[in-house]
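Take this structure, written in structure tokens, and hold onto it; I'll ask about it next.
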Amino acid sequence: MEEIDEYADAVLAALDLVPPGRITSYGRVAQYVGRSLGRGGPRQVAKVMRDYGASVAWYRCVKSDRSLAVEVAWRQAEMLSSEGVPLRNGRVPKEYWFDLPS
DNA sequence: CATGAGGCCGCCT
DNA sequence: GAGGCGGCCTCAT
């Protein structure tokens with residue numbers, strides 16, 4: 001039994017809960033997932049996204065300060081723009097923030 | 001509100 | 001087995 005996929009699956013599922021045009025943070029997802037599986041952290045979520053994120057709306061996940069991760073900022077900015085999320089000075093306005101169920 | 005300095009949790013050399 | 005790093009977070013200045 002590979003619990004590894006279980007974690008990844010949970011992360012992807014959590015991200016899938018974020019509606020189009022909205023965004024959340026890595027930490028928020030990590031906390032949401034961690035509550036169920038009892039492990040993982042923000043960075044681990046990022047890791048999962050880098051591997052499996054291609055199949056989900058990874059771009060709906062930003063930093064806690066609502067800025068974009070520098071490594072993907074360029075792509076993410078374009079994707080968010082498509083979702084109708086305007087970046088204000090490199091940061092997403094908090095009106096677009098989506099709180100995951102705790 | 002913008003920066004800076006720890007710290008946390010796993011994973012990879 | 002030890003050390004270093006990451007699509008980060010939080011608290012303090």
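Order of the sequence lines fixes the chain letters, A, B, ..., with proteins taken first and strands second; residue numbering starts at 1 for each chain.
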| query | What's the OH-P distance between A:Tyr26 and C:dC9, to the nearest Å? | reply |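 So the OH-P distance, A:Tyr26 to C:dC9, works out to 8 Å.
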
| What does A:Arg75 touch in the nucleic acid at a heavy-atom separation under 4.0 angstrom: a base, only the sugar-phosphate, or nothing? | nothing

| query | A:Glu71 CD to C:dC5 P: how many Å, rounded? | reply |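 Rounded to whole Å, this separation is 14 Å.
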
| Are the side chain of A:Ser82 and the backbone N or O of A:Glu78 linked by a donor-acceptor pair below 3.5 Å? | yes

| said: Using OP1 and OP2 only, check whether a side-chain N or O of A:Arg43 sits under 4.0 Å from B:dG10. | reply: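 Checking B:dG10 against A:Arg43, no side-chain N or O comes under 4.0 Å of OP1 or OP2.
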
| message | Can you check the distance between C:dC11 and C:dG7, where both ends of the measurement are the C1' atom (answer in whole Å)? | response |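 That atom pair is separated by 22 Å.
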
| Who is the Watson-Crick or G-U wobble partner of C:dC11, with both distances under 3.5 Å? |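 For C:dC11, the partner nucleotide comes out as B:dG4, under the 3.5 Å rule.
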
| request: Return the value, rounded to whole Å, for the distance between atom CG of A:Leu80 and atom C1' of C:dG7. | output: 13 Å

| task | Specify the separation, in whole Å, of atom OH of A:Tyr52 and atom P of B:dC11. | result | 11 Å

| Per the side-chain contact (heavy atoms from CB on, under 4.5 Å) rule, which among A:Arg43, A:Met49, A:Gln31, A:Lys47 passes with A:Tyr26? |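 Result for side-chain contact (heavy atoms from CB on, under 4.5 Å) with A:Tyr26: A:Met49.
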
| query | Starting at CZ of A:Arg39 and ending at C1' of B:dC11, how long is that distance when rounded to a whole Å? | reply | 13 Å

| said: I'd like to know whether A:Tyr7 forms a side-chain contact (heavy atoms from CB on, under 4.5 Å) with A:Leu12, so could you lay out the CA-CA distance, the side-chain angles of the two residues, the decisive distance to 0.1 Å, and finally the verdict. | reply: CA-CA 9 Å; A:Tyr7 185 81; A:Leu12 299 178; over 6 Å; no

| query | According to a strict under-4.0 Å criterion, is A:Lys47 in side-chain N/O contact with OP1 or OP2 of B:dC11? | reply | no

| query | Within less than 4.0 Å of OP1 or OP2 of C:dC9, is there a side-chain N or O belonging to A:Ser25? | reply |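 A:Ser25 to C:dC9 OP1/OP2: side-chain N or O found under 4.0 Å.
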
| Euclidean distance, atom CG of residue A:Asp65 to atom C1' of B:dG4 [Å, nearest integer] | 13 Å

| field | A:Gln76 CD to A:Glu71 CD distance, which is reported to the nearest 0.5 Å | value |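 Answer for the CD-CD pair, A:Gln76 versus A:Glu71, is 12.0 Å.
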
| message | Using the rule given for side-chain contact (heavy atoms from CB on, under 4.5 Å), can you reason through A:Glu83 versus A:Tyr59, listing the C-alpha separation, both sets of side-chain angles and the distance that settles it, and then say yes or no? | response | CA-CA 10 Å; A:Glu83 298 262 310; A:Tyr59 47 84; 3.4 Å; yes

| Minimum-distance nucleotide (side-chain atoms of A:Ser64 versus B:dC11, C:dT10, C:dC8) | C:dT10

| message | What contact category does A:Gly40 fall into here, base, sugar-phosphate, or nothing, at under 4.0 angstrom with non-hydrogen atoms? | response |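 The answer is sugar-phosphate, as A:Gly40 gets under 4.0 Å only of primed atoms, P, OP1 or OP2.
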
